[in-house]
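Here's the structure, in structure tokens; my notes come after.
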Number of protein chains: 2
Amino acid sequence: MKYHKIPDETIRRLPIYLRGLLLSSEQGRQSISSRNLADFVGVNSWQIRKDFSYFGDFGTRGVGYNVEKLTKQIKKILKLDAAPKVALVGVGNLGSAVLAYPAFRICGFDIAAAFDINPKKIGKKINNIVVEDASKLRTLKKRRINLAIITVPRDAAQQTADALVKAGVRGILNFSPCYIVVPKKVKVITIDIAMDLARLPYYMPAS
Amino acid sequence: MKYHKIPDETIRRLPIYLRGLLLSSEQGRQSISSRNLADFVGVNSWQIRKDFSYFGDFGTRGVGYNVEKLTKQIKKILKLDAAPKVALVGVGNLGSAVLAYPAFRICGFDIAAAFDINPKKIGKKINNIVVEDASKLRTLKKRRINLAIITVPRDAAQQTADALVKAGVRGILNFSPCYIVVPKKVKVITIDIAMDLARLPYYMPAS
DNA sequence: CTATGTGAATTTATTCACAGCA
DNA sequence: TGCTGTGAATAAATTCACATAG
């Protein structure tokens, strides 16, 4: 199995496992079985084993997985071991909340810059980060920041993405409720809160 | 095809189509082809046609789909036509941002209540909604609110979910970075910003 | 005896190719 | 001719069952 390509769905679950592992590590756990982890993260134990099997033997039969070793390996696969630097564009309500979001740290992210076009916001410090003028986005290349979060209003999302791509950004987490077009070499993941909420009623039984 | 169960993945895409349709309706469009919509939302045209085929004939061959009719049908399938009422628990940074999020309206949601445990926040008005004491969650049943958004810190997420379930809530959008356990009759969708960000570096080519 | 690792079976989703209608 | 609608083909993901190792 070692030489198989890791399925996309497995990649989608790896961060979930990582979160579970970090949490159980905090609780002083050193080894964990697929069953234990399953209860912790809400994924079947056989699914977990299958997922892990795509990238090697980390478990000990009869015992389980070594939490530290597995954590390191997942981080390596996800390329999180280099503490990726991230820029955020759009320091409005949502942007400020994302800047203050504590859970980035545990994944190893370093929120290294924030931008806005509002002169009132530029120069202010939010969560220890000085807000810069969005016209300075091109400095990202020199600063070796190639990950960005977009939290600007919808109308500005595409042009923000264009500017980011021009500045060498290769991965974008987009919170604007729209589809944005980028070159193939750039990966975009869109989080649209309303889209997820919109799926809920379908799954709810009649009240 | 009309009598087939609609696949989960199709349901996941329906809100995306809905967003695209609403946007193109704003632009005065009355009919749209699968190709047009594809460019708009970033999904293949044959995927779109297949998805729509699961719930009936809405297109006119040679022309495309009637925007209004299709919009109504998608809303009906997603059970969004009744303007579902939503409660939000946890008016911190993220909670406030979500309350102010404009895109809920277009999907037809009615943010009807907000709760917090912080006495300083209770009674304050945020985006026209008075923040109530979280101990009053049980009033949700009488008010016929069965959808909720959780934006509390991780430690409080599970107990908040428990309280919501007790109050009759059947669908939860969870922003806390953890897995929460609920009875089978309750549907939870978790948005973990860090999880999505954590997937990006994997897909980025070496810089 | 416990828990992993993995081929095989099954289920689910995507893609294709084209018939059929306006 | 243009675009939908859909069976059939392909691809992908999940689930199972069990051999295997500690």
Side-chain angles (χ1 to χ4, degrees), chain A residues 1-17 20-21 24 29-71 73-74 77 199 202-203, chain B residues 1-17 20-21 24 29-74 77 184 199 202-203:
Chain A
M1 265 294 175
K2 266 179 205 171
Y3 302 117
H4 270 60
K5 181 189 163 287
I6 302 177
D8 267 359
E9 286 298 299
T10 296
I11 294 295
R12 198 179 52 75
R13 283 187 294 266
L14 285 187
I16 297 174
Y17 300 146
L21 289 168
S24 67
R29 197 154 202 160
Q30 298 193 325
S31 117
I32 194 166
S33 70
S34 56
R35 175 65 81 102
N36 287 157
L37 189 54
D39 293 340
F40 225 69
V41 301
V43 178
N44 298 325
S45 59
W46 55 81
Q47 180 77 79
I48 291 177
R49 292 203 302 279
K50 183 62 132 183
D51 283 341
F52 291 173
S53 80
Y54 290 115
F55 53 90
D57 303 0
F58 285 90
T60 309
R61 287 166 202 246
V63 181
Y65 299 92
N66 178 293
V67 173
E68 201 191 321
K69 247 165 85 180
L70 190 55
T71 304
Q73 182 64 10
I74 293 180
I77 290 166
R199 262 158 60 220
Y202 175 83
Y203 291 102
Chain B
M1 265 292 173
K2 265 178 206 170
Y3 303 116
H4 270 60
K5 179 188 164 286
I6 301 177
D8 268 358
E9 287 298 300
T10 297
I11 293 296
R12 199 179 50 75
R13 282 187 294 266
L14 285 187
I16 298 175
Y17 300 146
L21 290 168
S24 67
R29 200 155 198 157
Q30 297 194 326
S31 118
I32 194 166
S33 72
S34 56
R35 175 64 81 99
N36 287 156
L37 188 56
D39 294 341
F40 225 69
V41 300
V43 177
N44 298 323
S45 57
W46 55 80
Q47 180 77 79
I48 291 177
R49 290 203 302 277
K50 182 62 130 183
D51 283 341
F52 290 173
S53 80
Y54 289 116
F55 51 91
D57 304 359
F58 286 91
T60 309
R61 289 165 202 244
V63 181
Y65 299 93
N66 178 292
V67 173
E68 201 191 321
K69 246 165 86 179
L70 190 55
T71 304
K72 267 196 186 144
Q73 182 65 8
I74 292 179
I77 290 166
K184 264 204 292 285
R199 260 158 62 218
Y202 175 84
Y203 290 104

Could you give the CD1-to-P distance, from B:Ile48 to D:dT4, as a whole number of Å?
9 Å

Distance in angstrom units between B:Ile6 CD1 and C:dT14 C1', rounded
17 Å

Between A:Asn44 and D:dT15, is there a side-chain N or O to OP1/OP2 distance below 4.0 Å?
yes

Report yes if at least one side-chain N or O of B:Ser34 is closer than 4.0 Å to OP1 or OP2 of D:dT4; otherwise report no.
yes

Is the number of heavy atoms from other residues, nucleotides or ligands within 6.0 Å of CZ (A:Arg35) greater than 12?
no

Between A:Asp8 and B:Ile32, whichever has its closest DNA chain D nucleotide further toward 5' is B:Ile32

Could you give the OH-to-C1' distance, from A:Tyr17 to C:dT4, as a whole number of Å?
14 Å

Counting the atoms with a prime plus P, OP1 and OP2 as sugar-phosphate, which does B:Arg12 contact under 4.0 Å by heavy atoms, base, sugar-phosphate, or nothing?
nothing

Passing candidate, side-chain contact (heavy atoms from CB on, under 4.5 Å) with B:Ser34, options B:Ile48, B:Asn44, B:Val43:
B:Ile48

Out of D:dT15, D:dT14, C:dA13, which has the shortest distance to the side chain of A:Trp46?
D:dT15

Could you tell me the separation between the CG atom of A:Leu37 and the P atom of C:dA3, rounded to a whole number of Å?
14 Å

When the distance from CD1 of B:Ile11 to P of C:dT12 is rounded to whole Å, what number comes out?
15 Å

Using a cut-off of strictly less than 4.0 Å, decide whether A:Tyr65 has a side-chain nitrogen or oxygen near OP1 or OP2 of C:dG5.
yes

4.5 Å side-chain heavy-atom contact, A:Leu14 and A:Tyr54
no

Could you state the CZ-P distance from B:Phe55 to D:dT6, rounded to the nearest angstrom?
12 Å

Heavy atoms from C-beta onward define the side chain here; which of D:dT4, D:dA13, C:dT6 lies closest to that of A:Ser53?
C:dT6

For A:Asp8 and B:Tyr203, test the side chains for any donor-to-acceptor distance below 3.5 angstrom and give the result as yes or no.
yes

Take the protein atom CD of B:Glu9 and the nucleotide atom P of C:dT15, then report the distance between them rounded to whole Å.
11 Å

Does B:Pro7 or A:Asp51 map to a spot on DNA chain C nearer the 5' end, using the closest nucleotide for each?
A:Asp51

For A:Gly62, answer base if it contacts any base atom (sugar-phosphate contacts may also be present), sugar-phosphate if it contacts only those atoms, and nothing otherwise; contact means non-hydrogen atoms under 4.0 Å.
base

Under the criterion ring-ring contact (aromatic ring centres under 6.0 Å, His included), which of A:Phe58, A:Tyr17, A:Phe52 is the partner of A:Tyr65?
A:Phe52

Which heavy-atom pair separates A:Ile11 from B:Arg199 by the least distance, and what is that distance?
O-CG, 3.8 Å

What nucleic acid atoms does A:Phe52 come within less than 4.0 Å of, heavy atoms only: base, sugar-phosphate, or nothing?
nothing

Side chain of B:Lys50 only, please: which of D:dC16, D:dA8, D:dA19 is the nearest?
D:dA8

At under 4.0 Å, does any side-chain N or O of A:Arg49 touch on OP1 or OP2 of C:dT2?
no

Which of the following nucleotides, C:dC21, C:dT14, D:dA21, is nearest to the side chain of B:Gln47?
C:dT14

Nearest to the side chain of B:Thr60, which nucleotide is it out of D:dT15, C:dA22, D:dT6?
C:dA22

Just the rounded figure in Å: distance from P of D:dA21 to CZ of A:Arg61.
6 Å

Can you tell me which nucleotide in D:dT15, D:dT4, D:dG5 comes closest to the side chain of B:Asp57?
D:dG5

